[in-house]
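Working notes, structure below.
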Amino acid sequence: MTDQSETVDAFLMGLVQLRQPARGYRAGVDPVLLAAATPGAAGQSVLELGCGAGAASLCLNARVQGMTFVGVEIQPYYADLARRNAAENNADMEVVEADIRALPLHVRDRRFDHVIANPPYYLKEKSTASDDFGRDVAVSGETPLDTWVDVASRRLGPRGYFTMIQKADRLLDILSALEGRLGSVRVRPIQARAGRAARLVIVQARKLGRADFVLEAPLRMHDGPRHERDGDSYSDKALSILRHSAALCWDD
């Protein structure tokens, strides 16, 4: 990254203050939704694969006090950002600079209550490279989803939860990867507005889970069929998640 000027951005109405590059990959609502969809309790452990600047883990930390976190990030600059953000947001979070395919021994030796991930949305060969290497790595990657799921399943303890947010058109790849590894699969489509196809999905599965597959009702992000007024027009449920750190309940 050639331009390392940074901004400090407020998430969850300021509960999380996140340092991000002024240019490059910048976290939006996706990691906030990922954190909201992750159940948690004090004393539990979380491994975030591809943590970037730490937005998802820090949003989960803001909602559930007393959790411990390990973030894995391949890009040195973003790993450094995540460390600084963790310290400034009082999170018990270790950030490891590594490829998820080559985790250090002290991470491979652990089992976690939760593994969360927001993998790049595009395969490298399908994306167009820009002059911003940091953003390119964040939005497009060469590691297949099958590998993300495999790494997550190996790091989960018994009955642990894996939660991922990803493009809806890659759902079949995710379900295929989960087969034989994790069970009790739930899928929550994320719909921009009523009547529109879901662009994103949140997928959750459980180690040793045996419950039937569940396709949840979509989370609708905005009210109305189109943008008709100034402001963000978020639905009440989306607003409670993005502004007030509410959980995204799987049975709701």
Between H222 and Y234, is the side chain to side chain contact (heavy atoms under 4.5 Å, CB included) condition met? List the steps. CA-CA 4 Å; H222 299 276; Y234 283 121; 3.5 Å; yes
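- Applying the side-chain hydrogen bond (donor to acceptor under 3.5 Å, both in side chains) test to Q17 and every residue at least two apart in sequence or in another chain returns nothing.
- Using modelled atom types, no side-chain atom of R186 and backbone atom of V214 make a donor-acceptor pair closer than 3.5 Å.
- In this structure A79 satisfies the side chain to side chain contact (heavy atoms under 4.5 Å, CB included) test together with E73, R83, V95, E97, sequence neighbours excluded.
- Pairs engaging residues 177-204 under the ring-ring contact (aromatic ring centres under 6.0 Å, His included) rule: none recorded [sequence neighbours left out].
- Counting only residues at least two apart or in different chains, salt bridge (charged side-chain N to carboxylate O under 4.0 Å, His left out) contacts with residues 147-160 comprise D150-R154, D150-R181.
- Between M221 atom CE and S235 atom OG the span is 6.5 Å, to the nearest 0.5 Å.
- Listed here is the closest heavy atom pair of A53 and L18: O-CD1, 3.6 Å.
- Two residues are said to be in side-chain contact when any heavy atoms from C-beta on lie closer than 4.5 Å; Y77 and P21 meet this criterion.
- Nearest heavy atom pair, residue A168 against residue A198, reads CB-O, 3.4 Å.
- Counting only residues at least two apart or on different chains, the ring-ring contact (aromatic ring centres under 6.0 Å, His included) pairs with a member in residues 155-178 are H114-Y161.
- From D236, atom CG reaches atom NE2 of H244 across 9.5 Å, with rounding to the nearest 0.5 Å.
- The side chain to side chain contact (heavy atoms under 4.5 Å, CB included) check on S45 picks up T68, R110, F112, D113, with sequence neighbours excluded.
- Here the straight-line distance linking atom CZ of R108 with atom CZ of R111 works out to 10.5 Å at 0.5 Å rounding.
- What you find for V151 and I100 is that their closest heavy atoms are CG2-O, 3.7 Å.
- There is no path of hydrophobic side-chain contacts, each under 4.5 Å, that joins L200 to V185.
- Under the 3.5 Å distance criterion, with hydrogens and angles disregarded, a donor-acceptor pair is assigned to the side chains of T163 and Q204.
- For residues 191-214, the set of pairs meeting the ring-ring contact (aromatic ring centres under 6.0 Å, His included) definition, not counting sequence neighbours, is empty.
- Remark: T38 engages no residue in a side-chain hydrogen bond (donor to acceptor under 3.5 Å, both in side chains) (not counting sequence neighbours).
- Across L182 and A205, no two heavy atoms sit closer than the pair CB-CB, 3.7 Å.
- In this structure, D92 has no salt bridge (charged side-chain N to carboxylate O under 4.0 Å, His left out) partners at least two apart in sequence or on a different chain.
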Side chain to side chain contact (heavy atoms under 4.5 Å, CB included) between L47 and V107, worked out: CA-CA 9 Å; L47 172 65; V107 177; 4.3 Å; yes
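- To the nearest 0.5 Å, the span separating CD1 on I190 from CG on D30 amounts to 8.5 Å.
- The distance from atom CD of E88 to atom CG of L81, rounded to the nearest 0.5 Å, is 9.5 Å.
- N85 places a side-chain N or O within donor-acceptor distance of the main-chain N or O of R19, the cut-off being under 3.5 Å.
- Within the structure, the salt bridge (charged side-chain N to carboxylate O under 4.0 Å, His left out) test picks out no pair touching residues 204-213 (sequence neighbours left out).
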Could you give me the CA-CA distance, side-chain angles and deciding distance for M164 and L49, then say whether side chain to side chain contact (heavy atoms under 4.5 Å, CB included) is met? CA-CA 10 Å; M164 172 190 283; L49 301 176; over 6 Å; no
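- Annotation for A86 and L58: closest pair CA-CD2, 3.9 Å, computed over non-hydrogen atoms.
- Panel note: side chain R220, backbone K237; no donor-acceptor pair is recorded below 3.5 Å.
- Each of L248, L60, V29, I116 was evaluated against L34; a single residue qualifies, I116, per the side-chain contact (heavy atoms from CB on, under 4.5 Å) test.
- In this structure, R101 contributes its side chain and A98 its backbone to no donor-acceptor pair below 3.5 Å.
- A 4.5 Å side-chain heavy-atom check between L145 and P119 finds at least one atom pair inside the cut-off.
- Residues Y25 and P120 are not in side-chain contact: their nearest non-hydrogen atoms beyond the backbone lie 4.5 Å or more apart.
- Partners of L172 by side chain to side chain contact (heavy atoms under 4.5 Å, CB included), not counting sequence neighbours: none found.
- For the pair I241 and L219, the minimum side-chain heavy-atom distance is below 4.5 Å.
- Residues Q166 and V203 form no side-chain contact, since every pair of their non-hydrogen atoms from C-beta on lies 4.5 Å or further apart.
- Within the 4.5 Å cutoff, the side chain of P39 has no heavy atoms near those of the Q44 side chain.
- R26 is listed as a side-chain neighbour of D9, based on a closest heavy-atom distance under 4.5 Å.
- A 4.5 Å side-chain heavy-atom check between V16 and V32 finds every atom pair outside the cut-off.
- For residues 162-176, the set of pairs meeting the salt bridge (charged side-chain N to carboxylate O under 4.0 Å, His left out) definition, not counting sequence neighbours, comprises K167-D169.
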